[in-house]
Amino acid sequence: MSADALKPAGPFSDAERAAVYRAIHERRDVRGQFLPDPIADDLLARLLQAAHAAPSVGLMQPWNFIVIRSDHIRQQIRAAFQAANDEAQAMFPAEKRALYSQLKLAGITEAPVNLCITCDRSRGGPVVLGRTHNRDTDLYSTVCAVQNLWLAARAEGVGVGWVSIFRDADLRAILNLPDHVVPVAYLCLGHVRELYGEPELQARGWAQRQVLESMIFRDGWGAK
Ligand SMILES: Cc1cc2nc3c(=O)[nH]c(=O)nc-3n(C[C@H](O)[C@H](O)[C@H](O)COP(=O)(O)O)c2cc1C
């Protein structure tokens, strides 16, 4: 190991820390606020670099980034979402269905860029450091990449919406995914001028953010 492999570390300045926490707390899932303005290539490159800087099990880097700008593909994706969303609505109890039907849960065609972040489960071969006893750590790694991108996007004034309401087979067919590749996140990206100050699902009365203290146990499950 070279002598300069380690770099000085320590807390950021007050302003830098405030910026990091601001990105965390002001990040939102975006469905309806996308502006049609294109996302410049250098900006998209910064977002993808942020995703690619994520931690990954054994440095496996199991992700790929499928950048989708084609109207034709986005129309197909939107139709796949619509079919799955109709099925999803029917799964909720009758008293929640009316509210569900009013929620906008995807901005696939309004967002100028869509991005599918995938996990190649075969990357690095059959034995990957750290993945020996938990095969799903490659999926967890890919989700870290998604979150890195989501936070960087907030700092750049780009909104991100995660759409998960698809039949797996539909997404695979439209994007030509091989069997060993899992579509982990389908994201809609676009510039935004305004964001909700709280999760939109909370603002619309679907669900509430829980109090943090109720989530914390001490030294074992359930222990307060
Ligand atoms: C794995 C995952 C899947 C999601 N899928 C959808 C989705 O299909 N449609 C949608 O409108 N929001 C989706 N969301 C966004 C959540 O609804 C949102 O993160 C949550 O309500 C909290 O709001 P916030 O992200 O604005 O803080 C998803 C989020 C995650 C982490």
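Ligands are counted one by one from 1 in listed order, and the atoms in each one are counted from 1 as well.
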Task: Presence of salt bridge, Arg209 and Glu198, under 4.0 angstrom - done: no
Open item on the list: Could you check whether atom 13 (C) of ligand 1 has a protein contact, counting only heavy atoms that fall below 4.0 angstrom?
Closed with: yes
Report yes if the side chains of [X] and [Y] come closer than 4.5 Å at any heavy-atom pair, otherwise no.
X: Asp120; Y: Val182; answer: no
X: Leu177; Y: Ile66; answer: yes
X: Arg172; Y: Pro183; answer: yes

TODO: Carefully, step by step, assess Arg204 and Tyr196 under the rule side chain to side chain donor-acceptor pair (under 3.5 Å).
DONE: CA-CA 11 Å; Arg204 293 185 182 278; Tyr196 279 87; 3.0 Å; yes
TODO: Ignoring hydrogens, just give me the one of Glu200, Arg31, Arg28, Arg27 whose non-hydrogen atom is nearest atom 17 (O) of ligand 1.
DONE: Arg31
Open item on the list: Considering Ala207, Gly32, Ser164, Pro199 one by one, which has a heavy atom nearer to atom 23 (O) of ligand 1 than any of the others?
Closed with: Pro199
- [ ] List every atom of ligand 1 that sits less than 4.0 Å from any heavy atom of Val163, numbering the atoms from 1 in the order shown and giving each element.
- [x] 7 (C), 8 (O)
TODO: Please indicate whether any nitrogen or oxygen in Leu105 is less than 3.5 Å from any nitrogen or oxygen in ligand 1.
DONE: yes
- [ ] Before signing off on this row, confirm whether Trp150 and ligand 1 have an N or O atom pair separated by under 3.5 Å.
- [x] no
What's the shortest distance from [atom] to any protein heavy atom, and which residue and atom give it?
atom: atom 21 (O) of ligand 1; result: Leu201 CD1, 3.5 Å
atom: atom 19 (O) of ligand 1; result: Asp29 CB, 4.0 Å
atom: atom 6 (C) of ligand 1; result: Trp162 O, 2.8 Å

Open item on the list: Does either side chain, that of Asn64 or that of Arg123, offer a donor lying less than 3.5 Å from an acceptor on the other one?
Closed with: yes
TODO: Measure up the Phe166 and Tyr186 rings against each other and bin them: parallel (under 30°), tilted (30 to 60°), perpendicular (over 60°).
DONE: perpendicular
- [ ] Could you see which bit of Ile165 sits under 4.0 Å from ligand 1, with heavy atoms only: side chain, backbone, both or neither?
- [x] both
